[in-house]
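In what follows, a structure is listed as structure tokens, so that the remarks can point back to it.
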Amino acid sequence: MDTTILAEVSGNISTVGYGLSAIGPGIGIGILVGKTVEGMARQPEVSGQLRTTMFLGIAFVELLAFLGVAAHFIFV
Amino acid sequence: MLLAAEGGFHAPGLEEFYPPAVLFEGTPFELNRIMLIRILVAVVLVAVFMFLMRNPKLVPSRAQSVGEMILEFIRKGIAHDMLGKKDGDRFFPLIAVIFLTVFAMNITGIIPFLNISPNANIGMPLFMAVVSYVVMIGAGIQAQGGWQYVKSQLFPSGVPGAMYILVTPIEFISTFIARPLSLALRLTFNMLVGHLLLVLCFAATQFFFFEAGGALAVFGGLTLVGGFAFTLFEILVAVLQAYVFALLTAAYIQLSVAQDH
């Protein structure tokens, strides 16, 4: 049977992998910052502490996205 | 520069971060552009603080108060916040050095003619991660004694006996392997990705303006604006990563100093 190619994608599939790995942390950071803002609005006097904790949380969540970048360099 | 030589559009790649050697080629002391930037940054950092703190007085001069403001932020905002007053002051020098080094090395990513952050190579972040790892374990052993420290890290209290089969390996990996690696990787990839984005934006601008021609120049305008926006974003990232690195170092020290909870 003759196959007709209508569309072709060239490049590396790992770019899709990075896209996938960015979804989770994206949602995560969104929730994290949103909740922190909520907390700050409720209790402005602890906002300093909340901000520190937020950055800690962001650092952990963001790492997952960067592991997606690292995976590209390791497995290609 | 990248494009003018060969023509056509080339996406930037990892070879950006391994420039050819400049000095002492072939010896173990081989210096490339990135190494030279590291040395320059270290010298500038020391010089700046020697200038700011050259003649400390009780009533600070203008330069001294700038230096004090920076150090006071690290002391109050990071060290005291995470470690409390006593331990905070004890580990303040380390945390301050880590913060300032990471920041100074990050900011070279957007300084014209330097244009690359030495932290984009794994070496520098890994070294700083190892330092904070050693201090973390050292502080834990000093505070609790060797066996007690390992026990408090690997066998958290309040877990039913049989669960230790599961908990202990997880705690081991997360405490003794994932912590230093994640510190190093986070910083490296933040800087690497930031640099690649900037190069991509400005390389695309060059391509659209001078090679694609015609109506495509409009896209060149877009990528140019994007490049400036990312430059501003890189300043934010530089400060934020320095803050996060110092904060996490302090948090790890705190976790290993804390008695069994």
Side-chain angles (χ1 to χ4, degrees), chain A residues 7-76, chain B residues 11 13-18 73-74 76-84 88 95 99 102 119-122 125-126 129 132 174 178-197 200 236-237 239-252 254-255:
Chain A
E8 193 179 30
V9 176
S10 67
N12 200 323
I13 195 77
S14 60
T15 47
V16 180
Y18 175 67
L20 289 177
S21 80
I23 294 175
I27 297 173
I29 292 184
I31 294 176
L32 222 152
V33 177
K35 288 283 177 191
T36 312
V37 170
E38 222 171 80
M40 284 175 178
R42 280 171 202 265
Q43 258 174 305
E45 60 271 26
V46 289
S47 56
Q49 210 175 348
L50 286 178
R51 196 176 303 120
T52 312
T53 319
M54 181 187 81
F55 280 125
L56 261 183
I58 286 182
F60 286 121
V61 174
E62 163 198 69
L63 178 73
L64 297 175
F66 284 113
L67 287 183
V69 185
H72 162 85
F73 294 123
I74 295 167
F75 297 120
V76 171
Chain B
L14 267 192
E15 68 279 356
E16 289 273 316
F17 301 98
Y18 299 97
F73 163 72
I74 302 170
K76 288 263 155 61
I78 301 174
H80 283 185
D81 228 39
M82 298 306 298
L83 290 163
I95 292 167
F99 182 95
V102 174
N119 280 337
N121 271 5
I122 190 84
L126 195 63
S132 80
S174 84
R179 273 181 192 178
L181 277 183
S182 68
L183 267 184
L185 279 180
R186 177 180 305 113
L187 183 55
T188 312
F189 281 103
N190 260 303
M191 288 301 110
L192 188 136
V193 168
H195 179 76
L196 286 181
L197 268 176
L200 197 63
L236 176 76
V237 168
V239 179
L240 204 62
Q241 286 309 309
Y243 180 65
V244 162
F245 202 109
L247 194 69
L248 281 175
T249 304
Y252 292 156
Q254 198 268 331
L255 283 175

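Protein chains get the first letters and strands the later ones, always in sequence-line order, with residue 1 at the start of each. Just so we're clear, the structure is a prediction, and the values are computed from it rather than from any experiment.
- Taking the side chain as every heavy atom from C-beta outward, B:Leu196 and B:Phe17 approach each other to under 4.5 Å.
- Residues of residues 185-195 of chain B that come within less than 4.5 angstrom of chain A, heavy atom to heavy atom, are B:Leu185, B:Arg186, B:Phe189, B:Asn190, B:Leu192, B:Val193 in numerical order.
- Here side-chain hydrogen bond (donor to acceptor under 3.5 Å, both in side chains) pairs that include residues 45-54 of chain A, with residues two or more places apart or in two chains, are A:Thr52-B:Asp81.
- Scanning all heavy atoms of the two residues, the minimum distance from B:Pro125 to B:Ala184 falls at CB-O, 3.6 Å.
- Looking at A:Leu67, only its side chain comes within 4.5 Å of chain B, counting heavy atoms on both sides.
- For the pair A:Leu63 and B:Ser182, the tightest heavy-atom approach, listed with the atom from each and the gap, is CD2-CB, 3.2 Å.
- Residues B:Gly88 and B:Ala79 approach most closely at O-CB, 3.6 Å, considering heavy atoms.
- Contact of B:Tyr243 with chain A is made through the side chain alone, with heavy-atom distances under 4.5 Å.
- Within the 4.5 angstrom heavy-atom criterion, no atom of B:Ile78 approaches chain A.
- Looking only at side-chain heavy atoms (C-beta outward), B:Met82 and A:Leu56 come within less than 4.5 Å of each other.
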Starting from the C-alpha separation in whole Å, work towards a yes-or-no answer on side chain to side chain contact (heavy atoms under 4.5 Å, CB included) for B:Arg179 and B:Leu255.
CA-CA 12 Å; B:Arg179 273 181 192 178; B:Leu255 283 175; 3.2 Å; yes
